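For reference, the structure is listed below as structure tokens.
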Amino acid sequence: MKDWKGGQIGEDGPFIYNETPKSKSEAEQAYDGHEEDGTTWVEPQTNEFGLKFSQAGGTFRTNTVTVEVSLSGKATSGWFQVEGKDKVELAPGETKTFTIGEDMNFKQTKTVTWYAKNENKVKEGKVSFTKVDPNASITVYVKADNAPTIYAWVPGKPAKELTGAWHGKTMDGPEEIGGVNYWYKTFDGVESFNVILNNGNDKQSSDITGITGDIYLEYDGGSSVKTLDAPVNTTAKVTLSPNGGDFEKTITVTATLSDNAKSGWYKIGDGEQVNLTPGKPVTFTLGADMMEGESKTVTWSATNAEDKAKTGTATFNKIKEVVIPTPSGIFAYFLAPSDWSQVDCWAWNDTDNFTGGNWPGVACTKTGEKKNGMDVWMWKYDGDLTSTPTKIIFNNGGNGQQTKDLDFVNGAVYNRDGKTNEVVTGISQATTVQKTTKLKIYSINGVKVAEVNKVSDAEYVLAPGMYICNGKKFVIK
């Protein structure tokens, strides 16, 4: 199936090399979990020197990213400087960190400048980090006589197939862009992926790898594929992120009018049109006034400089809130990113390890439930230790992605960024944890919208509005 090699397109992201990098085929170089986020590092040779970044630029989808920096090789001194910040000096043997992202918008890039010196020479360089909307969609456009079949996957062990098993799925379209018809396929909730184009039978292209944004290709229906420049006069559009789908409680949607648009708008249901400014994202929230099982359609329109208008819709469905089951003992939950096909847990305290003592730990159990659109995984300790963990890490099976060292709270729900505001209370095996009665929160229409430990917790899970608890009304501002 995937016997063809080559065909890599675009920039891999800012890599730091101390020697000329040599390509390896996919068969020779196993996936290490970092190809898509720019973390390749070629170790310095005898007389080489520089700076080593734990993530050498690229994109990130978390709210923030923390990067470790140290001198490498024969470097005797050096520094790095995050855009808008002061220089940070480095000495041999030191490792320092910086964190970016808190004040960044999606698609915004920050550059880190660095300098290193040895006895005779100096080196300078830059790495750039771009914050990406974790729900942003990526579209593959293909110029071809007939609709190609596209096979798309996220590399890993195992790989995550985005279009089902080989040969994949037939592309949608065609859509006229700049006077040319393109077939297209849109992918949501994925940062980087690979594709193969094929005719659904015995012909296929080479692997097209490392796709991180919209891409235009030309395919002959056989083995030849090439990358095209994006059309100059592409059709204007409004991008919704997420682009419809199911949600619990409330959902915040980002609407962005493309830069080439002259004008555009969106509206919710039969509501008023909201005008958009090209390239400037706006957000709106759905769900506060919706019943479970109710749907709302968001309609949009965009007009380009040639007065050609394009319209589209996305439907959002409010579903019943997922109530995570409550086991007994020592346990925790993890809401996995869409590109994690496996979740392992590593939990410990000063004296004991609760996950076998061998990295990456023990496999978590996929509950089959989804929370905020993410798969819910559970780790539960079944051993004989009488103490409790103080720290916990979740990772994707040792494939290069993991959380930070997180403080363990029994029954807590974690995600990639850390502990959420939710804790599912059970009975600890080590010490008795009082199982509190949940307070039920209702909308003014009498629909149960949440269960919380105390009323003040409601502001973390519900949108602003009026609610009822224990027969009394209260307002979240």
Side-chain angles (χ1 to χ4, degrees), residues 24 26 28-43 52-56 58 60-62 64-70 72 93-97 99 154-160 191-192 327 329-367 374-420 428-430:
K24 292 184 178 181
E26 197 170 282
E28 295 171 324
Q29 182 174 353
Y31 173 74
D32 67 0
H34 291 296
E35 273 82 345
E36 64 267 9
D37 60 12
T39 57
T40 301
W41 170 258
V42 178
E43 289 296 339
K52 182 176 181 179
F53 290 76
S54 60
Q55 179 174 330
F60 63 97
R61 291 184 171 238
T62 51
T64 62
V65 61
T66 299
V67 181
E68 296 181 348
V69 190
S70 59
S72 185
E94 283 187 329
T95 297
K96 295 187 177 180
T97 63
T99 300
V154 176
K157 296 180 181 179
K160 180 180 181 181
E191 178 179 346
S192 176
I330 299 173
F331 64 97
Y333 293 96
F334 182 69
L335 308 182
S338 60
D339 56 348
W340 285 32
S341 58
Q342 179 180 344
V343 177
D344 286 359
C345 175
W346 182 260
W348 75 100
N349 59 27
D350 290 340
T351 57
D352 298 312
N353 188 291
F354 296 77
T355 47
N358 294 314
W359 181 261
V362 297
C364 296
T365 301
K366 192 174 183 179
T367 66
M374 293 182 286
D375 290 326
V376 179
W377 296 71
M378 181 182 72
W379 169 71
K380 185 177 184 301
Y381 177 64
D382 294 318
D384 299 324
L385 294 173
T386 57
S387 59
T388 56
T390 56
K391 293 288 185 179
I392 192 168
I393 294 173
F394 294 95
N395 66 85
N396 66 337
N399 289 321
Q401 299 184 65
Q402 66 181 65
T403 65
K404 300 175 183 177
D405 294 6
L406 305 173
D407 292 334
F408 177 79
V409 175
N410 197 47
V413 180
Y414 297 85
N415 59 24
R416 188 67 168 80
D417 294 329
K419 190 176 77 68
T420 69
S428 169
Q429 290 178 335

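Only a predicted model underlies this, so the values are computations on that prediction, with no experimental measurement involved. Reckoned from all heavy atoms, side chains included, excluding hydrogens, waters and symmetry mates.
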Where do S387 and F354 land on the side chain to side chain contact (heavy atoms under 4.5 Å, CB included) test, with the steps shown first? CA-CA 9 Å; S387 59; F354 296 77; 3.4 Å; yes
Looking at every non-hydrogen atom in both residues, tell me the closest pair between K52 and S72 and how far apart they are. CB-CB, 4.3 Å
Taking side chain to side chain contact (heavy atoms under 4.5 Å, CB included) as the definition, give me every residue that meets it alongside T64, ordered by chain and number, with sequence neighbours left out. T99, E102
Flag side-chain contact, heavy atom, 4.5 Å: Y381 against N410: no
Looking at T97 and T66, would you say the former's side chain and the latter's main chain have a donor-acceptor pair under 3.5 Å? no
So which atom in Q402 and which in R416 form the shortest heavy-atom distance, rounded to 0.1 Å? O-NH1, 2.7 Å
Could I get the full list of side chain to side chain contact (heavy atoms under 4.5 Å, CB included) partners for T365, not counting sequence neighbours? none
Would you confirm whether Y414, through its side chain, and D417, through its main-chain N or O, come within 3.5 Å as a donor-acceptor pair? no
Residues forming a side-chain hydrogen bond (donor to acceptor under 3.5 Å, both in side chains) with K96, sequence neighbours excluded: none
Name all residues meeting the side chain to side chain contact (heavy atoms under 4.5 Å, CB included) criterion together with P360; count only those two or more places apart in sequence or in a different chain, and write none if there are none. D344, N395
Within the supplied structure, the quantity of interest is the number of heavy atoms (other residues, nucleotides, ligands) at a distance under 6.0 Å from E68 CD; does it exceed 12? no
On a heavy-atom basis, the closest approach of P389 and I330 is CD-CG2, 3.8 Å
Show, in sequence, the C-alpha distance, side-chain angles and deciding distance for L335 and V413, and conclude whether the side chain to side chain contact (heavy atoms under 4.5 Å, CB included) test is met. CA-CA 7 Å; L335 308 182; V413 180; 3.9 Å; yes
On a heavy-atom basis, which atom in W348 and which in I392 lie closest, and how many Å separate them? CZ3-N, 3.9 Å
Hey, does the side chain of T355 reach the backbone of V362 with a donor-acceptor pair shorter than 3.5 angstrom? no
Applying side-chain hydrogen bond (donor to acceptor under 3.5 Å, both in side chains), can you list everything that pairs with W346, at least two apart in sequence or on another chain? none
Across all chains, not counting sequence neighbours, the ring pair (Phe, Tyr, Trp, His ring centres under 6.0 Å) partners of W340 are F334
What are the two closest heavy atoms between Y333 and G411, and how far apart are they? CD1-O, 4.3 Å
Enumerate the residue pairs fulfilling salt bridge (Lys or Arg N to Asp or Glu O under 4.0 Å) with a member in residues 349-362, sequence neighbours excluded, ordered by first and then second residue. none
N396 CG to Q401 CD distance, which is reported to the nearest 0.5 Å: 5.0 Å
Check for a donor-acceptor pair, side chain of T95 on one end and backbone N or O of S70 on the other, with a separation under 3.5 Å. no
Return each pair, listed once, that meets salt bridge (Lys or Arg N to Asp or Glu O under 4.0 Å) where at least one residue sits in residues 389-398; pairs must be two or more places apart or across chains. K391-D407
With sequence neighbours left out, write down each residue that passes side-chain hydrogen bond (donor to acceptor under 3.5 Å, both in side chains) with S341, or none if nothing qualifies. none
Taking only residues two or more places apart in sequence, or in another chain, which ones meet D405 in a side-chain hydrogen bond (donor to acceptor under 3.5 Å, both in side chains)? none
